[in-house]
Amino acid sequence: MKIAFWSNVRHQSGVTSSVAVISILWAELYAEEIAVTSNHICNGSLVKRLHGGSEQEEKAARRAYCYTLGEPEYFRMLYGGKTKTALWLNDSLYYFPMEGEGGELFYDTGLKGIEKQMGDREYLIIDTACGCGSSSQRILQEAEITVVLLPPEREGVDAFFKSETPLRENSFFILGNYRSVPPYCPSNLAQKYKVPRERIGQIPYNYGFEQAMREGSTIAFIAGNLNCSKRSKEYHFIRCAKKTVESLRKYAISRRDELCADYVKV
């Protein structure tokens with residue numbers, strides 16, 4: 001099942017960070033095989049590193065990561081830079097490289113190449129470039145579920161739901177990257193825009209998690225706080241992320257049941 005994470009606003013809603021925390025928690029909590037890919041490069045410095053960098057550097061880096069080709073820096077940022085990280089997840093989290101050139105990738109090939117590599121892995125999570133570029137539109141059309149990261153301001157949330165976008169219909173929504181108070185609480189959002197409450201999650205901003213993303217220690221951060229006490233400053237972040245993963249997984253199973261009549265529930 002293809003699950004595309006996307007936002008209509010750039011650099012505000014925390015799409016890449018949400019992909020990181022949800023893929024790690026999903027693989028760890030449910031021991032299901034999760035594959036992750038992206039159709040964009042996160043920032044300008046990576047463009048130079050990857051498309052203008054040394055081929056030898058990439059070959060050397062490839063031995064230390066759970067992927068076959070591609071973006072060592074992107075993978076390091078999301079999941080950490082040591083071989084043992086894959087073992088911590090019982091080999092259930094995989095990263096597949098992007099293909100193509102430029103800021104938005106998969107323009108020609110879509111997801112077919114990635115799907116061939118996936119094998120029997122159950123879920124493919126796609127960090128999808130913001131906006132309505134050709135590549136992102138193609139991914140959103142092919143995905144069984146779109147996870148829409150809503151911006152941390154009420155005006156941005158309202159603008160999305162008042163638009164004519166077809167993504168309102170079967171998407172899962174995450175109130176993402178808000179600092180203290182979310183733009184809407186999930187129950188209010190559900191009531192105002194007639195979205196089922198079970199299709200709304202929350203992932204607040206967390207300074208410790210942001211630093212872990214920068215340092216490439218995301219797995220270690222989540223592992224160290226997975227069962228933290230209520231007194232921990234990370235408790236609210238981890239609790240919200242866990243609840244969001246649980247709700248998204250339930251929705252994914254129900255969607256797969258709708259789309260595949262012969263699917264047997266687990």
### Query
Would a 4.5 Å heavy-atom cut-off, applied to side chains only, mark Thr165 and Val148 as touching?
no
#### Entry: side-chain contact (heavy atoms from CB on, under 4.5 Å) between Leu167 and Asn8, intermediate numbers included
CA-CA 11 Å; Leu167 295 176; Asn8 62 328; over 6 Å; no
### Task
Give, for atom OG of Ser229 and atom CD of Glu234, the distance between the pair rounded to the nearest 0.5 Å.
10.5 Å
### Query
Are Ile203 and Tyr184 grouped together when hydrophobic residues (ILVMFWY) are joined by side-chain heavy atoms under 4.5 angstrom apart?
no
### Task
Please answer: with hydrophobic residues joined when any side-chain heavy atoms are less than 4.5 Å apart, are Leu150 and Phe237 in the same cluster?
no
## Note on the structure
Paired with Lys2, the side chain to side chain contact (heavy atoms under 4.5 Å, CB included) test is passed by just one of Ile139, Thr146, Leu124, Thr37, namely Leu124
### Task
State, to 0.1 Å, how close Tyr178 and Pro183 come at their nearest heavy-atom pair, and which atoms those are.
CB-CD, 4.3 Å
### Query
Does some side-chain heavy atom of Phe221 sit less than 4.5 Å from a side-chain heavy atom of Asn206?
yes
### Task
Measure the shortest side-chain to side-chain distance between Glu153 and Gln12 over non-hydrogen atoms and say whether it is less than 4.5 angstrom.
yes
#### Entry: Beyond-backbone contact of Arg255 with Met1, side-chain heavy atoms, under 4.5 angstrom
yes
### Message
Return the CD1 to CG distance between Ile222 and Asn225, rounded to the nearest 0.5 Å.
### Response
9.0 Å
### Message
Can you tell me how the ring of Tyr123 sits relative to the ring of Trp26, calling it parallel under 30°, perpendicular over 60° and tilted otherwise?
### Response
tilted
### Query
Nearest heavy-atom pair of Ala252 and Ile3: which atoms, and what distance?
CB-CD1, 4.4 Å
### Query
Rounded to the nearest 0.5 Å, how far apart are CG of Asn170 and CD of Glu258?
7.0 Å
### Message
Assigning hydrophobic clusters by single linkage (Ile, Leu, Val, Met, Phe, Trp, Tyr; side-chain heavy-atom cutoff under 4.5 Å), is Tyr30 placed with Ile238?
### Response
yes
### Message
Quick check on Lys192: does its NZ atom have over 12 non-hydrogen neighbours (other residues, nucleotides or ligands) under 6.0 Å away?
### Response
yes
### Message
Given 3.5 Å as the limit, does a donor-acceptor pair link the side chain of Arg168 with the main chain of Phe161, or not?
### Response
yes
### Task
Considering non-hydrogen atoms only, spot the tightest contact between Leu25 and Ala241 and give its length.
CD1-CB, 3.6 Å
### Query
Looking at side-chain heavy atoms only, is the closest gap between Arg138 and Asn39 below 4.5 Å?
no
### Message
Strictly below 4.0 Å, N to O, side chains only: are Glu246 and Arg249 in salt-bridge contact?
### Response
no
### Summary
Closest non-hydrogen atoms of Leu226 and Lys242, given as atom of the first, atom of the second and distance, are O-NZ, 2.6 Å
### Task
For Ser171 and Phe173, indicate whether the former's side chain and the latter's backbone hold a donor-acceptor pair under 3.5 Å.
no
### Query
Are Ile174 and Leu29 connected in a single hydrophobic cluster, I mean Ile/Leu/Val/Met/Phe/Trp/Tyr linked by side-chain heavy atoms less than 4.5 Å apart?
yes
#### Entry: Heavy-atom side-chain proximity of Val15 to Trp6 below 4.5 angstrom
no
### Query
Does Gln202 offer a backbone N or O that forms a donor-acceptor pair with the side chain of Thr244 under 3.5 Å?
yes
### Message
Could you report the tightest heavy-atom contact between Ser23 and Val19, atom names first, then the distance?
### Response
OG-O, 2.7 Å
### Task
Indicate if Ile125 and Ile253 have the same hydrophobic cluster label, given that clusters are the connected sets of ILVMFWY residues with side-chain heavy-atom separations under 4.5 angstrom.
yes
### Task
Search all heavy atoms of Gln191 against all heavy atoms of Lys194 and return the closest pair with its distance.
O-NZ, 3.4 Å
### Query
Would you say Ser7's side chain and Cys130's backbone share a donor-acceptor pair under 3.5 angstrom?
no
### Query
Is the closest side-chain heavy-atom distance between Phe160 and Val9 below 4.5 Å?
no
### Task
Inspect the surroundings of CZ in Arg239 and state if more than 12 heavy atoms from other residues, nucleotides or ligands are less than 6.0 Å away.
no
### Query
About how many Å separate OG of Ser136 and CD1 of Ile126, when rounded to the nearest 0.5 Å?
10.0 Å
### Task
Give the intermediate values and the outcome of side-chain contact (heavy atoms from CB on, under 4.5 Å) for residues Thr128 and Phe5.
CA-CA 6 Å; Thr128 309; Phe5 280 59; 5.5 Å; no
